[in-house]
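Reviewing the structure listed below.
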Protein chains: 2
Amino acid sequence: MMQLIRVARLHHATVLCKPLREETVGRPVKYKTFDHMNCSLAQTLNIIGERWTLLILRDSFFGSKRFAQFERNLGISKNILTARLNTLVEEGILTRRTSKEDGRTDYVLTEQGLELQPVLLSMTHWGDKHRPHPRGERVTFVDRETGRPIQKMGVRGEDGRLLAPRDIRATAGPGLETD
Amino acid sequence: MMQLIRVARLHHATVLCKPLREETVGRPVKYKTFDHMNCSLAQTLNIIGERWTLLILRDSFFGSKRFAQFERNLGISKNILTARLNTLVEEGILTRRTSKEDGRTDYVLTEQGLELQPVLLSMTHWGDKHRPHPRGERVTFVDRETGRPIQKMGVRGEDGRLLAPRDIRATAGPGLETD
DNA sequence: CAGCATCCTACGAGATACTG
DNA sequence: CAGTATCTCGTAGGATGCTG
C-alpha cells in the first residue's frame with residue numbers, strides 16, 4: 001500500500017525556512033521577500049520567481065538577444081520587460097553586450113544563466129507530460145552531437161540509478177541553523 | 001518507441017509562443033495568462049508560477065500536510081494559502097484526504113505533484129551553488145537506500161552523457177503549430 | 001531600436017475578525 | 001483547526017507617449 005512519504009527525517013520542528021515575524025504589525029503591508037528564508041529554493045525564487053522571468057530566459061535559450069525580440073515573442077509590455085531585464089542583469093543571469101553589427105544592446109546568458117537550464121527543462125518536461133498538446137510534443141530537445149532526444153530530467157543517485165520521489169530523503173546540512 | 005525527430009532548425013521566425021493580440025485595446029487591463037502560448041513551460045508556469053506555490057510544495061515534500069503547518073512554516077497569510085491550496089487541488093497537484101487520526105483535512109501530493117520534484121531540486125541546486133549559505137549547504141538530499149547524496153540535477157543525452165547547455169538543440173515537434 | 005516616464009488597473013498579499 | 005469574509009495596500013502588469 002501507499003506508504004506514507006516520510007521524505008524528511010528533518011522533522012518539522014526544525015523550521016526550514018523561518019517565517020518573518022518582526023514589527024510588521026499594523027504597518028504598511030509590504031510583500032514579503034523570501035530573503036530571510038534560509039533555503040536555496042527561496043533564494044532562487046527571489047530571482048527567477050516572477051511571472052515573466054522564466055519565459056524571458058526561455059527566449060534567451062532559444063536565441064533571443066534583443067529587447068525588441070523579447071517584446072515581440074512574448075507579448076510583454078516594455079516597462080515590465082525593462083524591469084525584468086534589469087534585475088536579470090543585476091543578478092548576473094544575463095549580461096549586456098554591445099553588438100558588433102549595429103552597436104545596439106544584446107542580452108546574453110551568463111554562465112550562471114546557462115546553468116538554469118535544468119530548471120527550464122524540468123518544467124518543460126513536466127508540462128509535456130501533464131499538460132500535453134493534443135498533437136504531441138511541441139519542442140523536442142536533442143543532443144547536438146547525436147541528434148537524439150535528451151533524457152527526461154530525473155533524479156539520480158550517486159551511482160547513477162534513477163530515483164523516484166520517495167527514494168529520496170532530506171538531511172540537514174551545515175548551512176541550516178538549528179537554533 | 002522513440003519517434004523520429006524532425007530536424008527543422010526552428011529558426012526564431014517560427015514564433016514559439018505566440019503572443020496575445022486580441023481585442024484588449026482600451027479595455028480593462030487583465031493580466032495575461034500564458035494559456036494561449038503553445039509552450040509546455042508556459043503551461044507549467046500557469047500552475048506553479050505564483051509566488052508562494054513552489055514553497056508550499058516544498059513544504060509538502062518535507063512532510064507538511066495540514067493547513068496550519070503550511071501557515072506556520074511559511075508565514076503565509078490564510079487567504080493566500082487557501083487560494084493556493086485550492087488551485088493546487090484543482091490542478092491535481094495536491095489532493096485532500098481526511099485524516100484517519102482526527103478526521104481533519106490533509107493535503108497530500110499526488111503523482112503529478114511528486115513528479116515536480118526535479119523542478120524543485122533543480123532550483124534548489126542552483127541556489128545552493130549560486131546563492132550559497134556561508135556555512136555550506138542547508139539541506140542535502142540523499143538516496144534513501146545508500147544514504148549518499150544524490151547527483152546534482154543535470155541534462156543527459158540518450159546515452160547518459162552529461163550535456164552542457166550548448167550541447168543541446170531544440171527542434172520543432174508535432175505539437176508546434178507552424179502556421 | 002532601446003528604452004524611460006506616465007498613468008491606470010487588477011491582482012497578490014497582509015491583517016484581522018468571524019464561522020462550523 | 002480549517003478555513004471564509006473583509007478591508008486595505010502595494011506591486012505587477014498593461015497601454016500609451018516621448019526621447020536619443
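Order of the sequence lines fixes the chain letters, A, B, ..., with proteins taken first and strands second; residue numbering starts at 1 for each chain. No experiment lies behind these values; they were computed from the predicted model shown.
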Report, one pair per line, the protein and nucleotides 17-20 of chain D atoms (nitrogen or oxygen only) whose separation is under 3.5 Å.
none

Secondary-structure string, 5' to 3', Watson-Crick or G-U under 3.5 Å, | for another-strand partners, for DNA chain C | .|||||||||||||||||||
Atom CG of B/L81 and atom C1' of D/dA5 are separated, to the nearest Å, by 16 Å
Taking CG from B/N86 and C1' from D/dG3, how many angstroms apart are they, rounded to a whole number?
-> 10 Å
Salt bridge check: are A/R156 and A/D167 linked by an N-O gap of less than 4.0 Å?
-> no
Could you check which of D/dG3, D/dA12, C/dA13 has an atom nearest any side-chain atom of A/I80?
-> D/dA12
Could you grab the distance from atom CD of B/Q43 to atom CG of B/L45, nearest 0.5 Å is fine?
-> 9.5 Å
Below 4.0 angstrom from OP1 or OP2 of C/dA2, is there any side-chain N or O of A/R66?
-> yes
Expressed in angstrom and rounded to an integer, what is the separation of B/E71 atom CD from D/dA2 atom P?
-> 9 Å
Determine whether B/V89 and B/L109 fall in the same hydrophobic cluster, where Ile, Leu, Val, Met, Phe, Trp and Tyr are linked whenever their side-chain heavy atoms lie under 4.5 Å apart.
-> yes
Is the side chain of A/H125 donor-acceptor paired with the backbone N or O of A/K152 at a distance under 3.5 Å, no angle test?
-> no
Of the nucleotides C/dA15, C/dA2, C/dG3, which one has an atom closest to the side chain of A/A68?
-> C/dA2
Taking the side chain of A/N79 as heavy atoms from C-beta outward, which of C/dG3, D/dT4, C/dA5 is closest to it?
-> C/dA5
Any side-chain heavy-atom pair from B/R131 and B/W126 closer than 4.5 angstrom?
-> yes
Between C/dG3, D/dG13, D/dA2, which one does the side chain of A/R84 approach most closely?
-> D/dG13
Candidates C/dG12, D/dG3, C/dA2 - which lies nearest the side chain of B/E50 | C/dG12
A/K65 backbone acceptor or donor facing A/Q69 side chain under 3.5 Å = yes
Relative to A/F67, does A/R104 satisfy both conditions: NZ or CZ under 6.0 angstrom from the six-membered ring centre, and within 45 degrees of the ring's axis?
-> no
Taken to the nearest whole Å, CD1/A/I56 to C1'/D/dG13 is 12 Å
Within this structure, what is the OH-to-P distance between B/Y31 and C/dC8, rounded to whole angstrom?
-> 17 Å
Between atom CD in A/E101 and atom P in C/dA2, what is the gap in whole Å?
-> 12 Å
For A/F34 and for A/D102, find the nucleotide of DNA chain C with the closest heavy atom, then tell me which residue's nucleotide is more 5'.
-> A/D102
For B/Y107, report the nucleic acid contact type (base, sugar-phosphate, nothing); a contact means any heavy atom under 4.0 Å.
-> sugar-phosphate
Rounded to whole angstroms, how far apart are CG on A/L74 and C1' on D/dG14?
-> 15 Å
B/T105 side chain: which of D/dG13, C/dG14, D/dG3 is closest?
-> D/dG3
What is the distance from atom CD of A/E91 to atom OG1 of A/T44, rounded to the nearest 0.5 Å?
-> 10.5 Å
OH/A/Y107 to CG/A/L85 distance, rounded to the nearest 0.5 angstrom?
-> 5.0 Å
Atom-pair distance (CH2 on A/W52; C1' on D/dG13), nearest Å | 9 Å
Any salt bridge between A/R166 and B/E111, counting N to O under 4.0 Å?
-> yes
